[in-house]
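For reference, the structure discussed in these notes is given below.
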Amino acid sequence: MKKELITLAMLAAMVGACRSEKPAEVATVKDHFKNDFLIGAAIPVTHVNGEDPKADSIVTLHFNSIVAENCMKNEKIQPKEGEFFWDDADKFVKYGEDRNMTIIGHALVWHSQLAPWFVVDKDGNKVSPEVLKERMKNHISTVVGRYKGRIKGWDVVNEAIEDDGSYRKSPFYEILGEEFIPLAFEYAHEADPDAELYINDFSMFLPKKREAYVKLVNDLKKRGLRVDGIGMQSHIGMDYPEFDEYEKSIVDFAGTGCDVMITELDMSALPTVQWGANVGDRRDFRKMTPEERKEYFEQFNPYKEGLPEEISVAWNNRMDSVMDLYKKHADKISRVTWWGTQDGMSWKNGFPIPGRTDYPLLFDRNYNMKPFMVKELTNH
Ligand code: G3I
């Protein structure tokens with residue numbers, strides 16, 4: 001009887017993941033990892049608007065945390081000074097509340113998707129440090145204040161450090177220097193003293209970046225500022241990161257006393273293009289002629305018609321190892337959030353080269369759970 005139930009569970013997890021009701025014996029991803037970490041998904045506006053019912057069913061069944069993929073970013077939520085656009089963010093928060101989920105806000109201070117007005121005056125010149133502080137404080141207190149008590153934690157500062165460990169020369173840094181980071185944490189804490197506050201970045205497995213973040217977080221804490229989590233975005237690939245470097249970051253970040261969070265997990269199945277996760281880095285191919293560009297893109301987009309079996313096996317094996325690493329450090333990792341739900345909606349189809357067909361998420365384009373997770377749910 002037991003065996004029959006498990007077989008049923010396997011089948012349901014594989015083919016029935018898009019059903020809205022939870023079949024009695026199905027192990028869900030969130031239940032499976034309930035003693036390890038939260039299981040999150042980044043949610044686009046289309047999803048909360050009811051335009052993707054299958055993704056909705058998957059998220060409702062398998063995830064217990066959500067983060068806003070875009071709708072809480074600066075340019076979306078305060079596109080013009082003093083003009084806040086709440087519709088999408090309100091719906092996103094309600095979506096999470098209706099499903100009793102841990103809701104994460106993303107992101108308060110980030111150089112990308114920053115409304116153009118935010119750092120310049122009416123003549124287009126950089127604002128003074130005083131004006132930028134005022135704008136940051138107003139933005140953070142208005143956004144965090146609106147959702148006070150409803151959002152569990154905020155990505156307060158996103159992508160502030162370069163891969164070599166130096167400060168990113170963002171407008172925030174150019175105008176306020178390193179102080180923009182403690183100021184952002186101070187303003188966020190004032191706006192909701194109970195909210196958890198996180199710092200978040202990509203390529204966190206790189207040694208110099210790791211060292212810089214450990215130092216930065218320790219400095220913030222020494223100043224008495226609240227920092228609850230270090231977010232390792234984890235946009236990873238088949239050939240990076242090396243596991244020992246990735247693991248060292250998990251361990252060292254936990255050593256600051258913060259929770260470690262895997263905040264934006266996806267793993268590209270495509271050949272790696274050697275650029276960073278910063279959308280501003282796309283310019284290289286724009287210098288090419290249309291013919292050069294077409295030829296160049298083709299070699300990086302080899303699986304348009306579907307993922308070959310051997311690549312799928314390799315992807316699932318590697319993801320299996322990634323999950324093993326997270327489980328090994330479950331005492332340090334409080335949340336594992338996928339940057340989307342099914343492959344077709346991933347930003348990786350458009351970055352770093354537009355128009356590719358990638359396979360980076362937990363569910364495939366038919367909303368079927370990837371084999372490594374089916375195995376995880378059924379074998380343990
Ligand atoms: O909203 C406009 C829409 O009006 C317009 O019609 C359309 C045409 O292209 O663009 C829409 O904006 C897009 C936006 O996503 C919303 O879909 C932007 O072009 C597009 O660049 C933007 O991409 C987002 C990217 O951040 C921007 O930096 C991705 O969806 C989002 O997944 C990605 O997420 C970031 C994290 O926030 C931080 N870490 C890296 C991660 C991946 O870049």
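These figures come from a predicted structure and were not determined experimentally. Just follow the structure's listing: the first ligand is 1, and inside any ligand the first atom is 1.
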>> Using the rule given for salt bridge (Lys or Arg N to Asp or Glu O under 4.0 Å), can you reason through Lys327 versus Asp324, listing the C-alpha separation, both sets of side-chain angles and the distance that settles it, and then say yes or no?
In response: CA-CA 5 Å; Lys327 283 188 286 181; Asp324 283 347; 3.5 Å; yes
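Among Asn70, Asp201, Thr46, the residue whose heavy atom lies closest to atom 17 (O) of ligand 1 is Asn70. Counting heavy atoms only, Lys76 comes closest to atom 12 (O) of ligand 1 of the residues His106, Glu69, Lys76, Glu75.
If you check the side chains of Glu81 and Asn138, you find no donor sitting under 3.5 Å from an acceptor. Ser234 and Tyr246 share a donor-acceptor pair across their side chains, judged by distance under 3.5 Å alone. Counted by atom type alone, Asn200 and Glu264 present one or more donor-acceptor pairs between their side chains at under 3.5 Å. Residues Tyr147 and Asp192 have side chains that never bring a donor and an acceptor to within less than 3.5 angstrom of each other.
In terms of polar-atom proximity, Asn158 is not counted as a contact of ligand 1, lacking any N or O under 3.5 Å from an N or O of the ligand. The distance criterion of under 3.5 Å between nitrogen or oxygen atoms is met by Lys73 with respect to ligand 1. Remark: ligand 1 and Gln233 share an N or O pair separated by less than 3.5 Å (distance only, no angle test).
In Phe202, neither the side chain nor the backbone holds a heavy atom less than 4.0 Å from any atom of ligand 1. Of all the heavy atoms of Phe351, none lies under 4.0 Å from any atom of ligand 1, so neither backbone nor side chain is involved.
A ring pair (Phe, Tyr, Trp, His ring centres under 6.0 Å) with His62 is found for exactly one of Phe33, Phe363, Tyr367, namely Phe363.
Taking every heavy atom of both residues into account, Val67 and His106 meet most closely at CG2-CB, 3.5 Å.
Of all atoms in ligand 1, listed by their number and element, those nearer than 4.0 Å to a heavy atom of Ser112 are 28 (O). Residue Glu159 approaches ligand 1 through these ligand atoms, each under 4.0 Å from one of its heavy atoms: 38 (C), 39 (N), 40 (C).
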